[in-house]
Amino acid sequence: MLMAHLVVFILSMSGFQLLAMATSRGRFWRRRDLFWSGWLLLLAGLMAALSGWRPGLGLTLWLGYLSAGAGVVFLVRIRGRRDAR
């Protein structure tokens with residue numbers, strides 16, 4: 001059961017990291033690929049949550065892990081910008 005929580009959380013963090021990389025001003029050539037890959041990882045997290053739990057609980061946990069994953073990616077990116085100055 002712990003592994004299912006970890007899988008959903010890691011997929012959420014990875015998806016948001018790819019979305020952040022796709023929307024940031026950077027040197028990435030394939031932003032469209034990064035964008036859609038990020039959304040696919042978020043969808044994979046939803047599918048993992050729904051297959052691991054009942055639909056109501058799975059959706060609730062997925063939304064919670066989405067929030068946590070977005071927060072972690074945001075804080076890591078803010079921390080990285082502060083160090084770059």
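We're numbering straight along the sequence, starting at 1.
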Exercise for the section: Establish whether Met47 and Leu61 are linked, either directly or via other cluster members, by ILVMFWY side-chain heavy-atom contacts under 4.5 Å. Expected result: yes
Practice task
Please answer: with hydrophobic residues joined when any side-chain heavy atoms are less than 4.5 Å apart, are Leu40 and Met21 in the same cluster?
Solution key: no
Practice task
May I ask you to decide if Leu19's main-chain N or O and Trp39's side chain share a donor-acceptor pair within less than 3.5 Å?
Solution key: no
Problem - Any side-chain heavy-atom pair of Leu11 and Val7 under 4.5 Å - result: yes
Can you give me the closest heavy-atom contact between [X] and [Y], atom names plus distance?
X	Y	result
Leu42	Ser12	CD2-O, 3.7 Å
Met13	Val72	SD-CG1, 3.5 Å
Phe9	Gly69	CE1-N, 3.8 Å
Ala49	Gly58	CB-O, 3.4 Å
Ala22	Leu34	CB-CB, 3.7 Å

Exercise for the section: Go through the steps for Leu75 and Arg79 under the test side chain to side chain contact (heavy atoms under 4.5 Å, CB included), then give the verdict. Expected result: CA-CA 6 Å; Leu75 290 175; Arg79 175 77 177 161; over 6 Å; no
Handout entry: Parallel, tilted or perpendicular, as decided by the 30° and 60° cut-offs, for the rings of His5 and Tyr65
Key = perpendicular
Problem - Among Val8, Leu59, Thr60, side chain to side chain contact (heavy atoms under 4.5 Å, CB included) partner for Trp53 - result: Val8
